[in-house]
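Order of the sequence lines fixes the chain letters, A, B, ..., with proteins taken first and strands second; residue numbering starts at 1 for each chain.
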Number of protein chains: 4
Amino acid sequence: MQSRTPATRTGRPRSAAADAAILAATRQALVELGWSRLTLGDVATRAGVAKTTLYRRWAGKHELVVDAVAELFDELELPDRGSLAADIEGVVLQFAAILARPEARSGLMAVVAESTRDDALRERIRASIVDRQMRLVLEGRARAQCRGELPPEPDQAEAARTVDLIFDMVAGAVVHRTLVSGKPADEEWVRSFTRVLLLGLTAAPAEP
Amino acid sequence: MQSRTPATRTGRPRSAAADAAILAATRQALVELGWSRLTLGDVATRAGVAKTTLYRRWAGKHELVVDAVAELFDELELPDRGSLAADIEGVVLQFAAILARPEARSGLMAVVAESTRDDALRERIRASIVDRQMRLVLEGRARAQCRGELPPEPDQAEAARTVDLIFDMVAGAVVHRTLVSGKPADEEWVRSFTRVLLLGLTAAPAEP
Amino acid sequence: MQSRTPATRTGRPRSAAADAAILAATRQALVELGWSRLTLGDVATRAGVAKTTLYRRWAGKHELVVDAVAELFDELELPDRGSLAADIEGVVLQFAAILARPEARSGLMAVVAESTRDDALRERIRASIVDRQMRLVLEGRARAQCRGELPPEPDQAEAARTVDLIFDMVAGAVVHRTLVSGKPADEEWVRSFTRVLLLGLTAAPAEP
Amino acid sequence: MQSRTPATRTGRPRSAAADAAILAATRQALVELGWSRLTLGDVATRAGVAKTTLYRRWAGKHELVVDAVAELFDELELPDRGSLAADIEGVVLQFAAILARPEARSGLMAVVAESTRDDALRERIRASIVDRQMRLVLEGRARAQCRGELPPEPDQAEAARTVDLIFDMVAGAVVHRTLVSGKPADEEWVRSFTRVLLLGLTAAPAEP
DNA sequence: TGTTAAACGAGACGGTACGTCACGTCTTCGC
DNA sequence: GCGAAGACGTGACGTACCGTCTCGTTTAACA
């Protein structure tokens with residue numbers, strides 16, 4: 001998670017249990033207190049761990065919360081629901097369900113806000129959170145192409161741009177609906193959204 | 001801005017110049033320091049104002065930044081560009097230009113993050129920022145209906161839902177593109193986005 | 001005490017009561033905890049004062065304790081007891097009484113220890129504590145010369161050296177007896193000490 | 001402190017070397033950092049020893065420093081210089097030379113300070129440091145009595161009191177001169193001091 | 001034109017959390 | 001089976017901002 005290279009052989013090894021306890025405590029604190037009132041001292045106490053142990057593993061509040069929130073997105077999956085529309089609706093609903101949880105709501109936007117000034121943090125978010133979501137988009141597209149619902153992309157670069165666009169549209173719409181408009185991304189909304197998106201992607205462009 | 005009712009007659013009136021100076025100083029500090037390193041003491045110093053004066057007008061960092069950022073959205077306009085597509089492209093580009101400015105990037109997501117736990121703040125954001133944007137969507141739709149590009153909406157509630165959906169899709173996509181993906185919402189991207197959105201909306205059958 | 005020049009006119013003035021409360025709390029903590037277990041946070045709490053207030057006035061534990069202990073020496077006086085021997089015995093007993101108090105014992109040697117590496121601290125100790133004691137030696141000598149018990153000193157430099165010597169002998173003996181040997185400098189000991197000292201001084205021929 | 005020669009004794013041949021290395025490292029750290037900045041982790045590193053090893057042998061910083069400083073006083077000797085005055089001058093100069101060394105200055109007063117609250121520490125200091133010095137006083141008195149410079153003491157208790165007094169006067173004066181007044185106990189000062197002391201002890205008491 | 005009451009700058013105040021440091025204890029593994 | 005390496009819980013450190021509170025001083029509307 002945070003230690004890329006073990007590097008050392010000697011000495012007492014770091015407690016793996018501590019990592020899990022800290023991340024769980026972080027999520028719990030996010031639920032109860034929200035981002036701005038969450039303190040690392042409190043997280044350490046909840047985890048039954050010393051503050052120093054926490055600082056040995058994470059550089060600060062932002063990094064810690066990225067890792068704690070990232071674990072929430074582990075549950076995102078893309079079971080085959082039979083059609084592209086159903087697949088999209090399914091994954092959007094899953095995504096909305098995660099964003100409906102207070103531990104995600106409180107922390108996610110805060111770390112994104114900070115990432116506009118901290119490239120390392122942005123990279124960490126990309127690797128831990130965004131890529132997890134992006135993978136589903138790629139998977140869904142491949143599956144739809146297998147089914148023949150989408151034509152195979154001849155142009156590699158154009159394909160990447162399209163995937164980016166779709167990803168920003170999907171994730172952006174759900175995030176905005178949930179966190180800015182403050183309304184639930186429920187089944188009805190998801191169905192409307194999916195219809196517009198899919199139609200926009202598959203209908204023949206009536207360009208002049 | 002923040003004082004609904006002056007209520008008093010006597011005494012020295014509040015300096016209007018101080019308000020402007022404080023908001024300008026806030027934006028300057030956002031540019032230089034970002035949200036997390038911005039302090040109210042520093043803002044007061046930059047504005048040539050005592051901390052007390054600042055606290056007399058705003059309850060805290062979040063409220064202050066909402067107002068400071070909100071002013072950036074005053075410049076959003078919807079000149080008639082001749083077609084719905086052109087109108088959308090125009091306003092999305094304007095929106096993207098604002099989000100590209102560091103004083104907006106740094107602060108916007110932070111207050112949105114906090115608003116997930118603070119209803120008064122959410123309401124303030126809605127009134128100061130979101131409504132300014134939503135108005136353009138309504139205006140654009142009305143203009144498109146005048147032009148005959150869109151059919152008049154018979155169902156009031158359905159119309160409101162559609163406007164909400166469009167708004168979340170537009171704002172969400174631009175925000176996600178700019179702040180999460182970290183890529184510019186340039187003309188090419190905006191054209192692609194607009195094509196998909198418009199196609200999805202206009203080709204949409206009134207499916208049950 | 002610590003602020004030589006008030007320097008400013010504007011702003012909220014510092015609380016004089018806080019100073020007194022902090023120094024009293026420091027002495028109380030010295031009594032209960034001793035030097036090494038005394039913490040500034042605890043002192044602040046005892047004084048009913050924020051830690052920051054304490055740090056605004058003193059640079060650290062050493063400086064604070066110097067001032068707190070120095071006040072103990074304010075009570076040193078030299079009433080005329082009729083003879084040089086009686087004067088010396090009186091002041092040595094006073095000095096011993098102060099060193100017998102736990103708030104002095106705990107702190108005094110600690111700051112002296114630190115002063116061997118910190119010239120500013122040494123100077124502060126000299127000004128706050130040592131000079132208070134030295135003044136008594138000078139006063140006692142002057143009074144003895146008035147009485148005719150001691151001859152007037154013709155050589156200025158020699159006189160200074162003698163005063164320094166006497167001071168180191170008096171203060172050193174009492175401190176060593178009390179803090180190193182750990183035995184009380186009671187009346188009997190003081191009488192013996194005074195006899196030796198006085199005999200050594202008055203019988204001393206002006207040997208080259 | 002690795003022993004190059006294996007010396008395949010399956011006992012602990014390193015133990016003695018480690019002790020010496022740790023004490024030497026302690027003194028070196030005292031010189032470079034002084035008491036308050038000396039840390040046991042640093043001492044262990046300097047000695048090429050694990051912190052664990054250090055804690056197995058000493059209970060803490062105070063105990064360690066007592067032992068490290070005590071070794072400095074091993075060099076105190078009392079060669080026969082022919083007269084009581086010369087003997088005193090000699091030993092006082094030796095004592096002053098030790099107190100002039102930074103490893104003694106920094107540590108000695110600190111442990112004395114702590115010993116005012118810690119009886120075990122006081123006892124350790126007495127046994128390791130004070131008795132070493134006291135022995136010289138006893139030795140000097142015995143030698144002076146052999147020479148006939150001092151009369152034999154008939155009263156045992158009175159004799160002990162006198163020795164204590166002399167010891168406190170000698171050690172106290174040198175310590176105070178060196179560490180509090182911050183001036184060197186050089187030959188001139190020592191000669192003056194010895195003259196006063198000796199005259200005070202040997203002259204006939206002119207008591208009324 | 002003088003009163004007067006609020007707003008102003010300055011900055012000290014009681015707090016809270018920060019991130020660091022050293023302590024003294026405890027694992028783990030290598031020699 | 002020591003002993004180095006180092007992670008651990010603990011707790012104090014000194015700092016930075018917070019938001020509040022005096023102060024003494026403008027300053028503009030009212031009298």
| field | A/P13 side-chain proximity, nearest of E/dT28, F/dG14, F/dC18 | value | E/dT28
| message | Rounded to whole Å, how long is the line connecting atom CZ of C/R46 with atom P of F/dA12? | response | 12 Å
| field | Between E/dC13 (C1') and C/R57 (CZ): distance, integer Å | value | 9 Å
| field | 5' priority, DNA chain F, between A/A18 and B/T39 [closest heavy atom] | value | A/A18
| message | From C-beta outward on D/V49, which listed nucleotide comes closest to its side chain: F/dG14, F/dT20, F/dA4? | response | F/dA4
| field | Gap between atoms CZ and P, on B/R14 and E/dG9 respectively (whole Å) | value | 12 Å
| Among A/M109, A/H62, A/R105, which one satisfies side chain to side chain contact (heavy atoms under 4.5 Å, CB included) with A/W35? | A/H62
| remark: From CD1 of C/I22 across to P of E/dC13 the rounded distance in Å is 8 Å
| said: Near DNA chain F, counting only heavy atoms under 4.0 Å, which residues of residues 26-36 of chain A show up? | reply: none
| said: Would you say C/R56 places a side-chain N or O within less than 4.0 Å of OP1 or OP2 belonging to E/dG14? | reply: no
| field | From A/W58 atom CH2 to A/L40 atom CG, the distance as rounded to the nearest 0.5 Å | value | 10.5 Å
| query | Can C/E71 and C/R27 be counted as an ion pair, charged N to O under 4.0 angstrom? | reply | yes
| request: Select one nucleotide: of E/dG19, F/dG6, F/dG19, the one nearest the side-chain heavy atoms of A/Y55. | output: E/dG19
| Which value, rounded to the nearest 0.5 Å, describes the distance between C/L38 atom CG and C/R46 atom CZ? | 8.0 Å
| task | Compare all side-chain heavy atoms of C/L121 with those of C/E63 and state whether any distance is below 4.5 angstrom. | result | yes
| said: Using heavy-atom distances to pick each residue's nearest nucleotide on DNA chain E, tell me which of C/S15 and D/D42 is more 5'. | reply: C/S15
| task | Could you check whether C/G60 gets within reach of a base, just the sugar-phosphate, or nothing at all, counting any heavy atom under 4.0 Å? | result | nothing
| remark: Taken to the nearest whole Å, CG/D/L54 to P/F/dA5 is 14 Å
| Out of E/dA10, E/dG19, E/dA17, which has the shortest distance to the side chain of A/K51? | E/dG19
| task | Decide yes or no for C/I129 and C/L108: does some side-chain heavy atom of the first lie under 4.5 Å from some side-chain heavy atom of the second? | result | yes
| remark: By nearest-heavy-atom nucleotide on DNA chain F, the more 5' of A/G48 and B/R37 is A/G48
| task | Would you kindly give the CG-to-P distance between B/L38 and F/dA16, to the nearest whole Å? | result | 17 Å
| query | Can you tell me how far C1' of F/dT15 sits from CH2 of C/W58, to the nearest Å? | reply | 19 Å
| task | Evaluate the side-chain proximity of D/D67 to D/R124: yes if any heavy-atom separation is below 4.5 Å, no if none is. | result | yes
| note | When B/T53 and D/T52 are each assigned the nearest nucleotide of DNA chain E, the 5'-most assignment goes to B/T53
| query | Expressed in angstrom and rounded to an integer, what is the separation of C/E63 atom CD from F/dC13 atom C1'? | reply | 15 Å
| query | Nearest to the side chain of B/K61 - E/dC23, E/dA17, F/dC18? | reply | F/dC18
| said: Check this for me: does the side-chain of A/R12 come within 3.5 Å of the base of E/dC26 through a donor and an acceptor? | reply: yes
| query | Looking at side-chain heavy atoms only, is the closest gap between C/E114 and C/K61 below 4.5 Å? | reply | no
